[in-house]
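Structure first, then comments.
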Amino acid sequence: MELQEAIRTRRSVRQFTDEKVPHALLEQVVELASWAPSWKNTQISRYIAIEDPAVLAEICAHYVPEFNARIIGGCKTLVVQTFVKARSGFERDGSFSTDREDGWQHYDCGIAAQTFALAAHDLGLGSVILGIFDRKGLEEYLQIPEGQEIMALIPVGFPAAPNGAAPKRKGVEDLLSYR
Ligand SMILES: Cc1cc2nc3c(=O)[nH]c(=O)nc-3n(C[C@H](O)[C@H](O)[C@H](O)COP(=O)(O)O)c2cc1C
């Protein structure tokens with residue numbers, strides 16, 4: 001798929017077929033996402049693919065609101081995006097590099113997640129970034145290592161239907177100014 005077309009046609013996909021996501025395909029997506037830029041090439045983003053139906057059901061029941069549980073309940077693979085803490089935006093002595101403080105690690109995750117989503121789209125998969133969930137509860141349930149934090153949940157699968165109309169975008173005149 002041509003890049004401009006991929007950028008324009010990627011949509012948040014919230015309904016998936018019952019087909020499992022082949023590991024080789026998911027690995028291709030993660031390999032492509034690894035090319036995302038990051039603070040001093042720290043590459044802090046990590047991906048945990050949850051496929052166990054019992055674990056997915058537990059997440060739906062206890063760690064996400066109903067509207068996100070409906071999405072996760074219909075996917076075969078939930079990618080939990082985590083990041084290695086205190087690298088991106090930090091000096092070696094642990095101090096912040098800028099007044100953005102610990103914000104750069106979230107920024108890096110966002111770039112990685114969009115690269116992931118575009119790569120998934122190019123390979124015929126749909127995905128949606130979910131930001132509303134019980135982060136601390138889920139970190140405990142999934143036993144996320146001490147040095148990492150969950151950034152986002154990304155259900156992935158084959159889209160159940162062709163993409164509908166895109167939510168409207170602001171015009172360039174609203175987004176860009178010159179000085
Ligand atoms: C950081 C972030 C958090 C989001 N959280 C949710 C969410 O919790 N639930 C959901 O259904 N969609 C969520 N979305 C998807 C947005 O609603 C979606 O990207 C937006 O409406 C634009 O639609 P599009 O992705 O199809 O272009 C999130 C997107 C981002 C980038």
Side-chain angles (χ1 to χ4, degrees), residues 1-38 41-84 105-106 108-135 138-139 141-145 147-167:
M1 195 184 297
E2 195 257 332
L3 181 60
Q4 290 187 32
E5 185 198 350
I7 290 170
R8 283 181 204 284
T9 60
R10 178 217 55 81
R11 290 277 71 73
S12 289
V13 173
R14 297 180 174 86
Q15 285 179 308
F16 307 96
T17 68
D18 284 339
E19 195 181 341
K20 286 187 175 171
V21 177
H23 284 187
L25 199 55
L26 185 62
E27 286 158 24
Q28 244 184 303
V29 173
V30 170
E31 194 280 329
L32 286 163
S34 78
W35 290 97
S38 63
N41 200 25
T42 44
Q43 304 177 61
I44 60 168
S45 187
R46 300 289 183 274
Y47 309 90
I48 303 168
I50 310 234
E51 301 175 312
D52 182 337
V55 177
L56 290 171
E58 186 71 9
I59 292 172
C60 288
H62 299 294
Y63 300 102
V64 295
E66 165 64 21
F67 55 91
N68 280 342
R70 260 186 267 129
I71 305 170
I72 295 170
C75 81
K76 294 274 176 272
T77 302
L78 174 66
V79 170
V80 177
Q81 183 191 27
T82 68
F83 65 87
V84 179
Q105 48 195 4
H106 306 144
D108 282 4
C109 283
I111 300 171
Q114 171 67 343
T115 309
F116 182 104
L118 285 173
H121 179 45
D122 187 48
L123 293 167
L125 292 167
S127 69
V128 54
I129 296 165
L130 305 180
I132 304 174
F133 53 89
D134 170 7
R135 178 174 66 80
L138 203 49
E139 282 171 356
Y141 172 60
L142 295 175
Q143 298 185 321
I144 301 299
Q148 291 186 34
E149 188 174 311
I150 298 179
M151 187 72 238
L153 305 182
I154 312 178
V156 179
F158 294 96
N163 285 340

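Numbering starts at 1 and runs along the sequence shown. Reckoned from all heavy atoms, side chains included, excluding hydrogens, waters and symmetry mates.
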Quick one: pull up CG in L118 and OG in S127 and give me the separation to the nearest 0.5 Å.
-> 8.5 Å
Between V13 and V128, is any pair of side-chain heavy atoms under 4.5 Å apart?
-> no
Are K20 and E51 ion-paired here, with the side-chain N under 4.0 Å from a carboxylate O?
-> no
Is there a side-chain contact between I72 and L130, using heavy atoms and a 4.5 Å cut-off?
-> yes
Quick one: are L32 and T115 in side-chain contact, heavy atoms under 4.5 Å?
-> no
Flag if over 12 foreign heavy atoms under 6.0 Å of CD, Q143 = no
Within-4.5 Å side-chain heavy-atom neighbours: D18 and K76 | yes
Looking only at heavy atoms, which two atoms of P159 and L125 are closest? And how far apart?
-> CD-C, 4.2 Å
State which residues pass ring-ring contact (aromatic ring centres under 6.0 Å, His included) with F116; sequence neighbours excluded, sorted by chain then number.
-> Y47
Nearest-0.5 Å distance that lies between atom CD1 in I132 and atom CG in N68 | 6.0 Å
Q81 to A112 - nearest heavy-atom pair and separation = NE2-CB, 3.9 Å
Closest non-hydrogen atom pair between F16 and G74, with its separation = CB-O, 3.7 Å
Is L78 close to L153 at the side-chain level, that is, under 4.5 Å between some pair of heavy atoms?
-> yes
Determine yes or no for a side-chain-to-main-chain donor-acceptor pair under 3.5 angstrom, with N163 supplying the side chain and R10 the backbone.
-> no
Flag, side chain of T17 to backbone of E19, donor-acceptor distance under 3.5 Å = yes
Quick one: pull up SG in C75 and CZ in R70 and give me the separation to the nearest 0.5 Å.
-> 14.5 Å
About how many Å separate OG1 of T77 and CD1 of I154, when rounded to the nearest 0.5 Å?
-> 12.0 Å
Which pair of heavy atoms, one from R135 and one from I150, lies closest together, and at what distance?
-> CD-O, 3.3 Å
Minimum heavy-atom distance I129-A113, with the two atoms named | CD1-CB, 3.9 Å
Sequence neighbours left out, what passes side chain to side chain contact (heavy atoms under 4.5 Å, CB included) with Q148? Give chain and number order.
-> R46, T82, V84, I144, P145
Contacts satisfying ring pair (Phe, Tyr, Trp, His ring centres under 6.0 Å) that involve residues 58-84 (not counting sequence neighbours) are Y63-Y141, F83-H106
Under a 4.5 Å cut-off applied to non-hydrogen side-chain atoms, are E31 and Q28 in contact?
-> no
So, does R11 use its side chain to make a donor-acceptor pair with the main chain of R8 at under 3.5 Å?
-> yes
Within a reach of under 6.0 Å around CD of Q15, are more than 12 heavy atoms found that belong to other residues, nucleotides or ligands?
-> no
Is F133 close to I59 at the side-chain level, that is, under 4.5 Å between some pair of heavy atoms?
-> no
Report the distance from atom OG of S38 to atom CD1 of I111, rounding to the nearest 0.5 Å.
-> 8.0 Å
If we only count heavy atoms from C-beta on, is the M151 to S45 side-chain gap below 4.5 Å?
-> no
